[in-house]
Amino acid sequence: RANGEKRVWSLNSFDIGRPLGKGKFGNVYLAREKTSKFVVALKVLFKRAVKENKIEHQVTREIEIQCSLKHPNILRMFGYFHDESRIYMILEYAPKGAVYAKLLSSPNKRFSEETAGAYIGQVADALQYCHSRNIIHRDIKPENLLLGVNEEIKIADFGWSVRNQSDRRTTLCGTLDYLSPEMILGETYDEKVDLWSLGVLCFEFLVGKPPFETSNSNNLCKNISEGEFKIPPYVSDDAKDLIRRLLVTESKYRIALNSVLKHPWILKHRAGKV
Ligand SMILES: O=C(O)Cn1ncc2ncnc(NCCc3cnc(NC(=O)Nc4cccc(Cl)c4)s3)c21
């Protein structure tokens, strides 16, 4: 809209297409806005499920945060609306789907150094943008990364993002693999938790599994808080160096994002090396 006034949306503004993904709180559908023919992804959340899980505050915070973010590597949220039983998020459509699916279908279930380097550089770019706005994502993992029309990374699902204060009230669900030591230990934390997750993501892209994976979960917490991990020999020395600078248990010693963006391994695989 020219003067940016908030348009009021409703379900009959859209033609609904095939389901794109299924979630615990509701599904995502391909959709097309009737007048503009603009294609979007429509995430539907059931109000009852949101209420039962006491995550209304997370949904409102996500909408507030994601509508304010505009970056090529962050999935846009164009708006939202609700009816008596559901909340709808109007999202940018990522035509090349989930990074997670691409990782599973890659040879040896891992990416080449070129692909991994390009993706990690784009995630670092998007995180630098978020942190400059005092926003911590807190849930960086392959499941929350999508791919745009040119295979560019789109960080999605700010359901766990917060403004920069430690908010330990929300019990974290889903995989613990990506949790930083300070979060595991319930200490106060800051945006450096995203750096830890970036290190876990880099490891998983290059190795095909997260660094602290073990059979039973209490060892997992021990391994994470002690930061013990082994990087296989086929990983390049540059990539090993970056992983080791990100997976540092003491958060204040983790490499800063602007140094990540200047790291030799990232510069080598940056598209166009801008
Ligand atoms: O592979 C897929 O995911 C399917 N897919 N394929 C293409 C594609 N293009 C765009 N979006 C897709 N999926 C939606 C991604 C999301 C973005 N933002 C979200 N936010 C959210 O879920 N919030 C939320 C949920 C439950 C509770 C709470 Cl508190 C908050 S989900 C797409």
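The structure displayed is predicted, hence computed values, not measured ones. Start at 1 and go down the list; that is how both ligands and their atoms are numbered.
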Would you mind running through ligand 1 and noting each atom that sits below 4.0 Å from a heavy atom of Ile55? 27 (C), 29 (Cl)
Residue-level breakdown please: for Val50 versus ligand 1, do any non-hydrogen atoms fall below 4.0 Å on the side chain, on the backbone, on both, or on neither? neither
Ring pair (Phe, Tyr, Trp, His ring centres under 6.0 Å) for Phe78 and Phe38? Distances and angles first, verdict last. CA-CA 11 Å; Phe78 301 117; Phe38 191 74; 5.6 Å; yes
Tyr93 N/O to ligand 1 N/O under 3.5 Å: no
Could an N or O of ligand 1 be found under 3.5 Å from any N or O of Gln66, whether backbone or side chain? no
Judged by atom type as modelled, is there a donor-acceptor pair below 3.5 Å linking the side chain of Lys43 to the main-chain atoms of Val28? no
Interfacing atoms of ligand 1 (cut-off 4.0 Å, heavy-atom, Ala98): 1 (O)
At less than 4.0 angstrom from any non-hydrogen atom of Glu92, what atoms of ligand 1 do you find? 9 (N), 10 (C)
Taking only residues at least two apart or on different chains, which pairs with a member in residues 101-110 satisfy side-chain hydrogen bond (donor to acceptor under 3.5 Å, both in side chains)? Lys102-Tyr119, Lys102-Glu151, Arg110-Tyr234
Classify the contact between Ala41 and ligand 1 as side chain, backbone, both or neither, using a heavy-atom distance cut-off of under 4.0 Å. side chain
Less than 4.0 Å is my threshold; does some heavy atom of Lys154 fall inside it relative to ligand 1? no
When you measure from atom 3 (O) of ligand 1 to each heavy atom in Ile155, Asn27, Leu146, which option holds the nearest one? Leu146
Could you tell me whether the side chain of Asn53 and the main chain of Ala49 form a donor-acceptor pair under 3.5 Å? yes
Atoms in ligand 1 flagged as close to Val59, the criterion being non-hydrogen separation under 4.0 Å: 29 (Cl)
Just by distance, no angles: are the side chains of Asn144 and His137 close enough, under 3.5 Å, to form a donor-acceptor pair? no
Mark up the atoms of ligand 1 that fall under 4.0 Å of a heavy atom belonging to Leu45, in ascending order. 25 (C), 26 (C)
Sub-4.0 Å atoms of ligand 1 with respect to non-hydrogen atoms of Ala156: 17 (C)
Hey, looking at atom 30 (C) of ligand 1, which of Met89, Lys96, Glu62 has the closest heavy atom? Glu62
Salt bridge check: are Arg86 and Asp83 linked by an N-O gap of less than 4.0 Å? yes
Side chains of Tyr129 and Asn73: is there a donor and an acceptor less than 3.5 Å apart? no
Under the 3.5 angstrom rule, does the side chain of Glu226 hit a backbone N or O of Thr249 as a donor-acceptor pair? no
Apart from Tyr100 itself, residues in the same hydrophobic cluster as defined by side-chain heavy atoms under 4.5 Å: Leu104
Nearest candidate to atom 29 (Cl) of ligand 1, where distance is taken over non-hydrogen atoms, out of Gln58, Arg61, Lys24: Gln58
